[in-house]
*Asks:* 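Take this structure first; my questions come after.
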Amino acid sequence: MENVEITHVLSEVADLLEIQGANPFRVRAYRNAVQTIDGLTRPLAEMVGEGEDLTELPGIGKDIAGYIAELVHTGELRLLRSLEKEVPGTLADLLRLDGVGPKRAERLWHELGVESLDDLEEALDEGRVQALRGFGEKTAQRMRRSIDDFRRHAGRALISEADELVRPLLAHMADAPGIEVLEVAGSYRRRKETVGDLDLLAVCDESRPVMDHFTRYPDARRVESAGETRGTIVLRTGLHVDLRVVPRESYGAALHYFTGSKDHNVAIRRRGVERGLKINEYGVFKARKRGGPAKRTSGPSDRVAGATEAEVYEAVGLVWTPPELRENRGEIEAAEAGALPRLVELDDVRGDLQMHTTWSDGTASIREMAEACRELGYSYMAVTDHSKRVTVAGGMDEKRLEKQWAELDKARKQVTGIHMFAGMEVDILKDGSLDLDDEHLARLDVVLVSVHSHMDLPRATQTDRIVKAVSHPAVHILAHPTGRLINTREPCDLDLEEVLKAAKEHGVAVELNANPQRLDLSDLHVIRARELGVPVVVSTDAHRPDHLRFMRYGVDQARRGWLEKGDILNTRTLSDVRRWLRKA
DNA sequence: GCCGTTTTCGGCCCGACTGTTTTCAGTCG
Ligand SMILES: Nc1nc2c(ncn2[C@H]2C[C@H](O)[C@@H](COP(=O)(O)OP(=O)(O)OP(=O)(O)O)O2)c(=O)[nH]1
Ligand SMILES: [Mg+2]
Ligand SMILES: [Mg+2]
Ligand SMILES: [Zn+2]
């Protein structure tokens with residue numbers, strides 16, 4: 001059983017308990033366990049199999065460790081079975097709707113017999129929801145909209161799609177009257193591969209005019225809310241945008257709050273409580289005994305910090321932490337120990353080791369790609385067109401590859417100042433053998449291997465296939481290892497742990513494909529690659545010159561994976577990379 | 001349900017917005 005399956009079960013337990021009205025802290029305990037599991041780089045099944053003590057993981061105690069073991073061994077959880085006898089499991093779906101929480105879900109079920117989205121829609125049509133005490137017409141309307149939005153599965157946007165939406169939004173907000181500072185916070189600032197919404201932070205003296213300007217954004221389909229300090233609009237694409245407006249002295253605390261993640265915030269605030277401090281989006285304050293004046297009326301004398309993010313961290317004995325790490329995956333402990341990594345930066349990248357040209361499915365010539373790489377300041381690049389079996393991409397056979405080498409020689413004379421490695425993205429065939437003969441493999445400077453077909457093989461077969469491929473002595477890099485396309489295609493079912501160990505054994509690097517639809521390996525995967533000592537290559541897989549800019553997304557993901565410059569092969573100098581390629 | 005250089009019991013992050021409420025619960029960030 002996969003970790004995601006385990007977290008789904010535990011999340012459903014939390015949802016059903018919450019609908020039942022269980023102790024909210026007990027509900028939270030299940031969700032905390034889910035958060036911990038989400039950040040693991042290894043399968044729980046393996047950890048259980050090796051007899052590891054799961055209660056050493058944060059938020060996992062005796063009970064939940066037992067439930068995990070039960071799930072791993074039997075594939076089922078009796079606790080969930082018995083909960084589902086008391087509350088219909090489908091009720092948890094209702095919680096996905098905006099404006100429907102556990103209390104309303106419970107009442108809809110108990111008082112109207114609603115168990116599913118379809119039931120709710122019917123009850124709305126018949127006017128039964130709005131008749132309920134405390135529900136009213138506006139609440140019903142909101143539920144209707146939520147169901148529509150849910151059915152149109154607006155979902156999460158790629159970080160690259162978010163970039164396209166952010167640009168005009170920032171341009172619009174720059175004209176807001178009296179605005180002093182404007183930042184994008186939330187998952188966008190943490191550079192997550194997808195964002196659920198956009199979170200904007202504004203600093204100004206007077207919030208009203210800024211909020212009004214925000215709600216008049218031309219691309220807004222509707223205004224969801226607009227208060228004194230926060231508001232939400234819905235873009236035509238369906239994506240929500242939250243705006244938070246704060247005074248200057250609160251900038252750091254607000255940016256910290258709005259950047260998140262939620263679990264990072266909660267952990268930081270708990271550290272505050274332990275130190276007699278109250279942390280909110282307005283600042284860090286000396287905690288008051290109960291009974292004191294509430295809310296924002298705390299006098300300025302109570303304020304300890306808040307103007308900058310660094311102040312907030314320092315107030316709880318930590319150093320400023322890069323947003324990419326703020327997932328409550330050990331960054332707080334690292335910050336405390338002074339052991340935060342020195343994260344890789346875009347400027348550290350010296351070359352791009354996967355790209356395509358008109359020799360297969362790229363749209364630009366070798367020369368054009370080389371010029372674009374040189375413009376980015378790279379000292380090397382690899383031309384890695386597809387092999388013959390990838391027919392849809394116009395893959396090359398041995399003969400065409402030799403012709404390409406001749407063309408490469410010409411390009412090397414035309415575009416100087418950048419080294420061009422002769423490479424190929426060689427297809428891994430169904431049986432794990434490679435789509436190019438050994439003689440030509442040996443003559444290439446750099447050999448990438450990757451899967452483009454039979455992505456649905458059973459786990460063990462798929463794993464054996466890829467392990468066999470990386471075991472070939474000519475191979476340097478395993479490209480887009482899981483084959484996922486975010487929001488489109490699930491990753492191959494494979495035992496990545498085995499693949500990484502095989503890569504380590506054979507001196508093969510793994511790719512972090514920087515194409516924003518792939519980002520493959522993911523952040524958690526590269527954490528594991530580093531732990532196992534497998535070098536990572538961040539490559540754009542560019543099919544056009546402008547795709548070379550995807551490097552930014554790859555580096556962002558690498559940073560989320562705690563990688564330093566030294567963990568990444570293509571931050572090394574040309575001569576070091578050459579040496580590395582030859583040793584294989 | 002989890003957790004502990006203040007605790008093995010008694011806490012658990014903290015605040016904004018809306019609707020229908022006559023004083024705030026519910027939901028969300
Ligand atoms: N302290 C605290 N902060 C929260 C809570 N919920 C959200 N936040 C903060 C941290 C989040 O990063 C930030 C923005 O909320 P979002 O719901 O947009 O989450 P985020 O952007 O992290 O992820 P997303 O991609 O939008 O799903 O607000 C909470 O319950 N407590
Ligand atoms: Mg967000
Ligand atoms: Mg948000
Ligand atoms: Zn490919």
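Order of the sequence lines fixes the chain letters, A, B, ..., with proteins taken first and strands second; residue numbering starts at 1 for each chain. Side-chain atoms are counted along with the backbone in the values below, which use heavy atoms only and exclude waters and symmetry mates. If you're wondering where the values come from, they're calculated on a predicted model, not measured in any experiment.
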*Asks:* Return the 5'-most residue of the pair A:Gly101, A:Glu224 with respect to DNA chain B, ranking by each residue's nearest nucleotide.
*Replies:*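 Whichever sits nearer the 5' end wins; that is A:Glu224.
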*Asks:* Supply the atom-to-atom distance A:Thr41 OG1 to A:Leu524 CG, rounded to the nearest 0.5 angstrom.
*Replies:*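 The CG atom of A:Leu524 is 7.0 Å from OG1 of A:Thr41, to the nearest 0.5 Å.
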*Asks:* Please work out if A:Asp63 contacts a base, only the sugar-phosphate, or nothing of the nucleic acid, heavy-atom cut-off 4.0 Å.
*Replies:*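 Result for A:Asp63 = sugar-phosphate.
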*Asks:* Which comes earlier along DNA chain B counting from the 5' end, the contact point of A:Ser225 or that of A:Thr232, where each point is its nearest nucleotide?
*Replies:*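 The residue closer to the strand's 5' end, by nearest nucleotide, is A:Ser225.
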*Asks:* Without decimals, in angstroms, what is the distance between A:Lys262 NZ and B:dC14 P?
*Replies:*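 In whole Å, B:dC14 P lies 13 Å from A:Lys262 NZ.
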*Asks:* What integer distance in Å separates A:Arg104:CZ from B:dA25:C1'?
*Replies:*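 That distance rounds to 9 Å.
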*Asks:* Which pairs, protein N/O on one side and nucleotides 7-12 of chain B N/O on the other, fall under 3.5 Å?
*Replies:*
none

*Asks:* Starting at NZ of A:Lys286 and ending at P of B:dC14, how long is that distance when rounded to a whole Å?
*Replies:*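 It is 17 Å, rounded to the nearest whole Å.
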*Asks:* Rounded to whole Å, please give me the gap between CZ in A:Arg96 and C1' in B:dT27.
*Replies:*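 Rounded to the whole Å, the gap is 14 Å.
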*Asks:* Mark yes when over 12 heavy atoms from residues, nucleotides or ligands other than A:Arg549 sit less than 6.0 Å from its CZ; otherwise mark no.
*Replies:*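 Open.
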*Asks:* Do A:Asp263 and A:Arg31 sit within salt-bridge range, that is, some charged N less than 4.0 Å from a carboxylate O?
*Replies:*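 Salt bridge: no.
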*Asks:* Tell me whether A:Arg271 at atom CZ has more than 12 heavy atoms from other residues, nucleotides or ligands lying less than 6.0 Å away.
*Replies:*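 Enclosed: over 12 neighbouring heavy atoms sit under 6.0 Å from CZ of A:Arg271.
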*Asks:* Over all strands shown, is A:Leu97 touching base, sugar-phosphate only, or nothing at heavy-atom distances under 4.0 angstrom?
*Replies:*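 A:Leu97: backbone/sugar contact only, no base atoms under 4.0 Å.
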*Asks:* Phosphate oxygens OP1/OP2 of B:dG15: is one of them under 4.0 Å from a side-chain N or O of A:Lys278?
*Replies:*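 Checking B:dG15 against A:Lys278, a side-chain N or O does come within under 4.0 Å of OP1 or OP2.
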*Asks:* When the C1' atoms of B:dT23 and B:dT18 are considered, how many whole Å apart are they?
*Replies:*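 Those two atoms are separated by 15 Å.
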*Asks:* So which pairs with a foot in residues 82-135 of chain A pass ring-ring contact (aromatic ring centres under 6.0 Å, His included), sequence neighbours left out?
*Replies:*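 As it turns out, there is no ring-ring contact (aromatic ring centres under 6.0 Å, His included) pair with a partner in residues 82-135 of chain A once direct neighbours are skipped.
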*Asks:* How far, in whole Å, is B:dC12 from B:dT8 if one measures between their C1' atoms?
*Replies:*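 Pairwise C1' distance, B:dT8 against B:dC12, rounds to 16 Å.
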*Asks:* Touch check for A:Pro58, heavy atoms < 4.0 angstrom, all strands: base, sugar-phosphate only, or nothing?
*Replies:*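 Touches sugar-phosphate only.
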*Asks:* Is any side-chain N or O of A:Tyr282 closer than 4.0 Å to OP1 or OP2 of B:dA16?
*Replies:*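 For B:dA16, OP1 or OP2 has a side-chain N or O of A:Tyr282 closer than 4.0 Å.
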*Asks:* Between B:dG26 and B:dT20, how far apart are the C1' atoms? Round to whole Å, please.
*Replies:*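 B:dT20 and B:dG26 have their C1' atoms separated by 12 Å.
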*Asks:* With sequence neighbours excluded, what pairs up with A:Asp118 under the salt bridge (charged side-chain N to carboxylate O under 4.0 Å, His left out) test?
*Replies:*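 Salt bridge (charged side-chain N to carboxylate O under 4.0 Å, His left out) check on A:Asp118 returns A:Arg151.
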*Asks:* Which part of the nucleic acid, if any, lies within contact of A:Ile279, taking any heavy atom under 4.0 Å across all strands shown: a base, the sugar-phosphate backbone alone, or nothing?
*Replies:*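 A:Ile279: backbone/sugar contact only, no base atoms under 4.0 Å.
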*Asks:* Mind running a 4.0 Å heavy-atom check of residues 132-142 of chain A against DNA chain B and sending the residues that fall below it, in number order?
*Replies:*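 A:Gly134, A:Phe135, A:Gly136, A:Glu137, A:Lys138, A:Thr139 - these, ordered by number, are the residues of the stretch whose heavy atoms sit under 4.0 Å from the strand.
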*Asks:* Does B:dT8 have a Watson-Crick or wobble mate here (both distances under 3.5 Å), and if so which one?
*Replies:*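 With both distances under 3.5 Å required, B:dT8 matches none.
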*Asks:* Specify the separation, in whole Å, of atom CZ of A:Arg145 and atom C1' of B:dT27.
*Replies:*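 The distance from CZ of A:Arg145 to C1' of B:dT27 comes to 14 Å, rounded to the nearest Å.
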*Asks:* Pick one: which of A:Val184, A:Leu182, A:Leu255 meets side chain to side chain contact (heavy atoms under 4.5 Å, CB included) with A:Leu201?
*Replies:*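 Going through the options one by one, the only one that passes is A:Leu255.
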*Asks:* Using atom types as modelled, flag every donor-acceptor pair under 3.5 Å from a side chain in residues 52-74 of chain A to any protein atom, sequence neighbours excluded.
*Replies:*
{"from": "A:Glu52", "atom 1": "OE2", "to": "A:Arg42", "atom 2": "NH1", "distance (Å)": "3.1"}
{"from": "A:Glu52", "atom 1": "OE2", "to": "A:Arg42", "atom 2": "NH2", "distance (Å)": "3.1"}
{"from": "A:Asp53", "atom 1": "OD1", "to": "A:Thr55", "atom 2": "N", "distance (Å)": "3.1"}
{"from": "A:Asp53", "atom 1": "OD1", "to": "A:Thr55", "atom 2": "OG1", "distance (Å)": "2.7"}
{"from": "A:Asp53", "atom 1": "OD2", "to": "A:Thr55", "atom 2": "OG1", "distance (Å)": "3.1"}
{"from": "A:Glu70", "atom 1": "OE1", "to": "A:Arg78", "atom 2": "NH2", "distance (Å)": "3.4"}
{"from": "A:Glu70", "atom 1": "OE2", "to": "A:Arg78", "atom 2": "N", "distance (Å)": "2.8"}
{"from": "A:Glu70", "atom 1": "OE2", "to": "A:Arg78", "atom 2": "NE", "distance (Å)": "3.0"}
{"from": "A:His73", "atom 1": "ND1", "to": "A:Ala69", "atom 2": "O", "distance (Å)": "3.0"}
{"from": "A:Thr74", "atom 1": "OG1", "to": "A:Glu70", "atom 2": "O", "distance (Å)": "2.8"}
{"from": "A:Thr74", "atom 1": "OG1", "to": "A:Glu76", "atom 2": "N", "distance (Å)": "3.1"}
{"from": "A:Thr74", "atom 1": "OG1", "to": "A:Glu76", "atom 2": "O", "distance (Å)": "3.0"}

*Asks:* Specify the separation, in whole Å, of atom CG of A:Leu200 and atom P of B:dG29.
*Replies:*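 Rounded to whole Å, this separation is 15 Å.
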*Asks:* Counting just side-chain N and O atoms, does A:Arg230 come under 4.0 Å of either OP1 or OP2 of B:dA16?
*Replies:*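 The answer is no; no side-chain N or O of A:Arg230 sits under 4.0 Å from OP1 or OP2.
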*Asks:* Indicate, with a heavy-atom threshold strictly under 4.0 Å, whether A:Ala33 touches base, sugar-phosphate, or nothing.
*Replies:*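 A:Ala33: no heavy atom of the nucleic acid under 4.0 Å.
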*Asks:* Check whether more than 12 heavy atoms from other residues, nucleotides or ligands sit under 6.0 Å from atom CD of A:Gln517, and answer yes or no.
*Replies:*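 No, the 6.0 Å shell around CD holds no more than 12 heavy atoms from other groups.
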*Asks:* So, using side chain to side chain donor-acceptor pair (under 3.5 Å) as the criterion, who are the partners of A:Glu564 when residues are at least two apart?
*Replies:*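 Expected list: none.
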*Asks:* A:Thr194: what forms a side chain to side chain donor-acceptor pair (under 3.5 Å) with it, not counting sequence neighbours?
*Replies:*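 Testing A:Thr194 for side chain to side chain donor-acceptor pair (under 3.5 Å), a comparison that skips the adjacent residues, returns A:Arg156.
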*Asks:* Please tabulate, for the side chains in residues 171-181 of chain A, all donor-acceptor contacts under 3.5 angstrom to protein atoms that are two or more places apart in sequence or on a different chain.
*Replies:*
{"from": "A:His172", "atom 1": "NE2", "to": "A:His213", "atom 2": "O", "distance (Å)": "2.9"}
{"from": "A:His172", "atom 1": "NE2", "to": "A:His213", "atom 2": "NE2", "distance (Å)": "3.3"}
{"from": "A:Glu180", "atom 1": "OE1", "to": "A:Arg248", "atom 2": "NE", "distance (Å)": "2.9"}
{"from": "A:Glu180", "atom 1": "OE1", "to": "A:Arg248", "atom 2": "NH2", "distance (Å)": "3.2"}

*Asks:* Name every residue in residues 249-257 of chain A that has at least one heavy atom under 4.0 Å from any atom of DNA chain B, in order of residue number, or write none if there are no such residues.
*Replies:*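 Going residue by residue through residues 249-257 of chain A, the ones with a heavy atom under 4.0 Å of DNA chain B turn out to be A:Tyr257.
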*Asks:* Looking at B:dC17, I'd like to know if its phosphate oxygens (OP1 or OP2) sit under 4.0 Å from a side-chain N or O belonging to A:Thr229.
*Replies:*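 Affirmative; the distance criterion is met.
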*Asks:* Could you tell me how far B:dT21 sits from B:dT27 if I compare only their P atoms? Round to whole Å.
*Replies:*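 Nearest-Å result for B:dT27 against B:dT21 at atom P: 16 Å.
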*Asks:* Going by the salt bridge (Lys or Arg N to Asp or Glu O under 4.0 Å) test, which pairs reach into residues 551-563 of chain A, not counting sequence neighbours?
*Replies:*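 Salt bridge (Lys or Arg N to Asp or Glu O under 4.0 Å) check on residues 551-563 of chain A returns A:Arg191-A:Asp556, A:Glu324-A:Arg559, A:Glu327-A:Arg560, A:Asp523-A:Arg560, A:Arg552-A:Asp556.
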*Asks:* Quick test of your reading: applying ring-ring contact (aromatic ring centres under 6.0 Å, His included), list the pairs with at least one residue in residues 34-54 of chain A, sequence neighbours left out, ordered by first then second residue.
*Replies:*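 Residue pairs with at least one partner in residues 34-54 of chain A: there are none.
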*Asks:* For A:Val100, answer base if it contacts any base atom (sugar-phosphate contacts may also be present), sugar-phosphate if it contacts only those atoms, and nothing otherwise; contact means non-hydrogen atoms under 4.0 Å.
*Replies:*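 Sugar-phosphate contact only.
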*Asks:* Can you tell me if CG on A:Asp205 sees more than 12 non-hydrogen neighbours from other groups inside 6.0 Å?
*Replies:*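 No, because the 6.0 Å sphere around CG of A:Asp205 holds 12 heavy atoms or fewer from other groups.
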*Asks:* What's the separation between atom CG in A:Leu500 and atom CG in A:Leu521, rounded to the nearest 0.5 Å?
*Replies:*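 A:Leu500 atom CG to A:Leu521 atom CG measures 6.5 Å (nearest 0.5 Å).
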*Asks:* What is the distance, to the nearest angstrom, from the NZ atom on A:Lys103 to the P atom on B:dG26?
*Replies:*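 From A:Lys103 NZ to B:dG26 P: 6 Å.
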*Asks:* Please give the distance between the C1' atoms of B:dT7 and B:dC2 as a whole number of Å.
*Replies:*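 Going atom to atom, C1' in each nucleotide, I get 14 Å.
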*Asks:* Please list, in numerical order, the residues of residues 203-219 of chain A that have a heavy atom closer than 4.0 Å to any atom of DNA chain B.
*Replies:*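 Here the set is empty: none.
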*Asks:* If you measure from the C1' atom in B:dC14 to the same atom in B:dT22, how many Å do you get, rounded?
*Replies:*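 Taking atom C1' in both B:dC14 and B:dT22, they lie 26 Å apart.
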*Asks:* Whole angstroms only, please: what is the CD-C1' distance between A:Gln130 and B:dT20?
*Replies:*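 Rounded to the whole Å, the gap is 14 Å.
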*Asks:* Touch check for A:Leu17, heavy atoms < 4.0 angstrom, all strands: base, sugar-phosphate only, or nothing?
*Replies:*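 No contact.
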